[in-house]
Structure formats: C-alpha cells, structure tokens
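Scroll down for the structure; my scribbles are underneath it.
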Amino acid sequence: MFDLISEISQSLRTNRTRTLLTGLAVAWGIFMLIVLLGVARGVVNTFNTNMGGGQSNEMSVWGGRTSVPYKGYKDGRRVVLKDNDGPMLVEQVEGIAEVVPTASASVTVSTLKDYSSGIEAVYPSAGKEFDNLVAGRFINERDIQERRRVMVIRDLTARRLFDCAPEEVEGKTVNCMGLSWTIVGVYHHRWRGGNFVPYTTYKALTGFSEDASELKVLVEGLATQEDGDRVERELTEALAASHEFNPTDKNAVWIWNRFSNFVQSASALKILTLSVWIIGIFTLLSGIVGVSNIMFVSVRERTHEIGVRRAIGARPRNILTQVVTESIVITTMFGYIGIVLGMIVLQIIDYFMKNSPGEKPLENPTVDLSLAIQVTVVLIIAGAAAGLFPALKALKVKPVEALRDE
Amino acid sequence: MITLKDINKTYPGAVPLHVLKDINLHIDKGELVAIMGASGSGKSTLLNILGILDTYDTGEYFLDGKLIRDLSENRAADLRNRLIGFVFQSFNLINYKSALENVALPLMYQGVGRRRRNALAMEQLERMGLADRASHLPGEMSGGQRQRVAIARALVTRPAIILADEPTGALDSKTSKEVMQVFRDLNAEGMTIAIVTHDPGVGAATNRIIKIVDGRISEDV
C-alpha cells in the first residue's frame, strides 16, 4: 500500500498542473452538489416549520355561510359549529382520533403599558404546536377542570405588554374581559400570535354557550393524500347532515386539511430533493468525465512507461490498481475540498439567515454527516469509474506495442 | 538455457508479413551471443519472443527448461520479472524516478520490501560504478550512465538471461565500448547474454554471432 501511495504521489507531482485542473472540475461539481442539497434541506426545514412542526396530522374546521338553499333553508345561513360536533365526528368518520373545539374572541388583553387584541380558548392539546416555550407552561388539564384564569402569550406580546424579557413575565397579570389573568407561559412562534386561555374558563365567562369557533380535528392511521381527502369529504358530509346544509356547498364550512397539504407538499419536496440530486450528480458528472478524459490522456501519454513496467514484471493488476487508485485519489482529494467549501458557504448562508429580520426562506440550510457519507460514496464510485475505462484501455495494449510507443 | 524449435511468426494484415521462418536455435548457459541482421530482418521480433514480450505462431520455445506458450498475462509478467533482464536501446528508464528507484522497480513487482530492495538496487548501482548517482533522475545523467542504470535494473532480480536490444545504438563509440565491457565482465561472471545489434563492432565483442537474413538464421558462428 505504501508503494502504491508513493507511486501515485510521484505520478501526480509529475503532472501538477494537469492534476490541479482536473481536480478543480471535480471540486466544483461536489461544491455545487453540497450547496444545492443544503439549500434544498433549508427549503424542507422552512416548510416543516411553517407547517407547525409535527401538526401535519391535523385539520381545522370553521363554520361559514351556506351558498345554496337546502331543505327549505335559504342560502346565506350561518353555520355555527358546536362543542358536541366533536364526539359525533369521532364516531362517524373513520380516521378521526380526536376533535378539540376552540373559541376565539375579539377582546382586549391589557396592562398599564400596552394592550393586545383577541384571545383563543383552547384545550391542552393545542400546546403541541408550542413545544419550545420560552418560559412557564402551556394550558394544562387542571386549568381546564378548575376553570382557572390563566393565559399563555407570545414572547413578542410579553415584551410589549410588560416591557421586560419574556422569561420574566411568568406570574405577572393582565386584564381581560374585566378580570385579572395570570400569565403562566410564554411561547415563541414564527407567525402564531394568539393569547391562549383555558376553553372551559372562557365558556364559563360567556354563559356556557355550546358554540365553537373552530374544531381541531386530529387524524391518525392515514398514509396517503386519498386518505386525507376521504376524511375531509366524510367530515363535511357528517357536518352537513348535522347542521342541515348541502354537503357539496363549499362555503358552509371551511376546512384547512393540513394532512393532505402536508402529503402534497412532502411529495413536492421529495421531487425537489430528487431534482437537486439529479442536477448535482450531472454537475459532478461533468467533473468526472473530465477526470476520465484526463486519465485517458494520462494513460495514452504513459503507454511507453506502462510497456516498460510490464516488461520488467508489472502484472495487469498492478497497472489497473495504479490507474484506478490515481483516479480515486484525485476525485476524493478534490471532492473533499469541494465538500468543505460547500459546507463553509452553507454556514455563511445559515449565519445570514439566522441574523436577518423577517421571513426566512431557508432554515438551517446545512448538510449532515449521513449526507457527507453519501457524497463520499458517490465520489469513490465516480472516481473508480473514471479510472476504470482508461485502465482497461491501457491493459489492452500488448507490452511489445507499448514499448514501441514513443 | 534457450531452445527454439521451428519458430514461425507472421504479422497479420492486408499483406501478411512472415517475419520469422523455421527458427531453430540453442543458447547455452553462460554464452554471450550477438543476434545480427539488417533492419527488418526479424531480429527484434526474435528478441521480443525470447523476452516473452510477444508470442509466436508455431514451434516451441523453452526458457530455462520451461515451455513458453499460451501463458496468461500474469504468468508472462512473472517469468519476465524473474528470468529475464532487459536492456533497451533508448534505456527505457522512468523519467520521474531516481536511478535507485528505477533499479529497484522490478523488485517492487516481486513484493520485496522497500528497505531490502533499495539495498539490492544500491548493490547493483555500486557494481556499475554509479553509487554516487543513486538519487539522480535519468535526465541528469549521461547516455552511458543511463545505460548502466538500465543494466543494473536488468541485473537486480538475478535473472537467468539478459536480453539487450541495440544497447549501444544511442551511445558514442567510447561509451559503447565501455558498455560492451560491462557485458563482457558480466558474462565472465557466468551471466547468459543475448544482444540484438546491427553493429559489427558489438558483434565482434561477443563469443557467438547469429546472423538473420529475411527471417531465417543464415549464419551461426
């Protein structure tokens, strides 16, 4: 092995310029592949964040107004969802695991310093979206049972209402609906901004109305977009029967089918990632073809040397190993330079994304170890392929013919 | 050492070229032989067959008692490495390797360790009077020195025979004489040597001259 490394090192040093130019083509190909894959990863991460993390198994349902007459009712009738729609949907629609009603109200949440508009009355399950609380906790079961006047607010709201760090807000109070509420938690979210209170507390303060502004429907055991579409259709039909509207009326209830959206988007992202790989591989391929081309030239230039080596006892395997290994060394060495440069560029992009205000089109656009290993495997295979054909060509030349080649 | 029986060789082509015709030849161990002939007579083809660099069509070739026929590339490489030492007109040294590395190269293909093969290569360079040139590249040496490096490389595996193809063809007359003296000294130590040449001066320095005319042995004296 030491002899092989020494031989390759001598050969590469003898043809420095050629080695460098060939290697740069490979480094560029790998650099592009890494950057493209990192950017694609960033797009996927952004998408996942915007989808609310792990809440892709959720559908949201709001009541609307009918747009067609139905069973003697005129069009334009308001459909008001009820708390008891939940158990009915769980019973009638296969795939629905849980339905949690929520209510929202346009009331003012205020302190002496500032105010915020609106509250959302929720159950503890709504907290799944806010797994990285800045301080405190989300609404819990005891809050629901005891109808506590507690509230969970966004970090930006906390800063505005109390003019201090969000971490210091826990335990402080705000005024809402003429009452004092204790802040028990502060959350961070890119785009959600609600002030959350226990559902039962809100209901008690509003005369125990059974109206719900939104139903959060949790689905389970669904795999395909067809499953998601079926649940959406059956859910609409069940609500149509219960609230007496035409099941084909698109305006009677509004449904945000996150599950189907997620499946569609996940499929699109898979295509995006695949496309990036294909583009990257083709970019890399141009580098590999360059290596192969150079190896052909190298083998051609060294035909006489190969003849001499064979005359003094080199076996075909020795020649094959040297040419292929030389190719792998060039490809891998410069490929790693490409990987490192690509990672540096991705880190720079990541730095600017993290420190820039507003919407971030790319979130954490980096490549991980498994991807680096995949790219390395691609490099070694590509390098071996680039060297194999020139090596086989070299072996086809008889020693006596190779010796004549000057 | 070498026995050829009715060896024939034809190069295929639009007009097939029958270059060796019924060659019968025996070279004993310890001989210093010149194979002479005009350009195109077939002497280099004969040397290539003797060196297992080329194949023959019909006949039999025995080298050191072994029938040389239908060999695999690996077996042929092995026999070339262990039994034959080549010396070429244009030296055929590898330009980017030092004299020592060039001489040690055949041992590398035998799997001899670096330290051992460098020691053996240095022995041969000392024998050729080139110990002080061991680290020099071929381009930094004279023609005579390069040819002596090539002879050292041919000797390093302790082969059964040395085959030299116009070894003085690229050298001036003084250096040619020095190189021929090296061959004579080696022969005096018992080495079998066959030299292909068209130079009568080289032929005169050997003990036996085999003349080839138009693919046949015309004279063996």
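Labels below follow one simple rule: chain letters A, B, ... track the order of the sequence lines, proteins then strands, and each chain is numbered from 1.
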query = Contact part of B:Gln110 toward chain A, heavy-atom cut-off under 4.5 Å: side chain, backbone, both or neither?
reply = neither
query = Is it the side chain or the backbone of A:Arg302 that comes within 4.5 Å of chain B heavy atoms, both, or neither?
reply = side chain
task = Inspect the surroundings of CZ in B:Arg116 and state if more than 12 heavy atoms from other residues, nucleotides or ligands are less than 6.0 Å away.
result = no
query = What closest approach, in Å, do B:Phe86 and A:Ala311 show between heavy atoms, and which atom pair accounts for it?
reply = CE1-O, 3.3 Å
ask   = Within a radius of less than 6.0 Å around CZ of B:Arg114, do more than 12 heavy atoms belonging to other residues, nucleotides or ligands occur?
value = yes
task = Count the heavy atoms of every other residue, nucleotide or ligand shown that sit under 6.0 Å from NE2 of B:His136, and state whether that count exceeds 12.
result = yes
note = Cut-off 4.5 Å, heavy atoms of chain A, and the answer for B:Asn74 is both
ask   = Can you tell me how far NZ of A:Lys398 sits from OG1 of B:Thr55, rounded to the nearest 0.5 angstrom?
value = 5.0 Å
query = Is chain A contacted by the side chain of B:Arg153, its backbone, both, or neither, given a heavy-atom distance below 4.5 Å?
reply = side chain
Criterion side chain to side chain contact (heavy atoms under 4.5 Å, CB included) on A:Arg310 and B:Leu53, from CA distance to verdict = CA-CA 9 Å; A:Arg310 292 183 70 181; B:Leu53 291 170; over 6 Å; no
inquiry  = How about NZ on B:Lys211, more than 12 heavy atoms from neighbouring residues, nucleotides or ligands closer than 6.0 Å, or not?
reply    = no
ask   = For B:Asp70, does the CG atom sit with more than 12 other heavy atoms under 6.0 Å from it, leaving out its own atoms?
value = no
query = What do you reckon, is NZ of B:Lys66 surrounded by more than 12 foreign heavy atoms closer than 6.0 Å?
reply = yes
request  = Verify the neighbour count for atom OH of B:Tyr96: are there more than 12 heavy atoms of other residues, nucleotides or ligands below 6.0 Å?
outcome  = yes
inquiry  = I need the minimum non-hydrogen distance between A:Ile312 and B:Asn81, along with the two atoms involved.
reply    = O-ND2, 2.8 Å
ask   = Is it the case that more than 12 heavy atoms not belonging to A:Phe282 sit under 6.0 Å from its CZ atom?
value = no
message = Nearest 0.5 angstrom please: A:Asn318 CG to B:Met108 CE, how far?
response = 6.5 Å
ask   = Which of the residues B:Asp54, B:Thr157, B:Ile94 is involved in the greatest number of heavy-atom pairs with chain A at under 4.5 angstrom?
value = B:Ile94
key: Donor-acceptor contact present, side-chain A:Arg315 to main-chain B:Ala77, <3.5 Å   = no
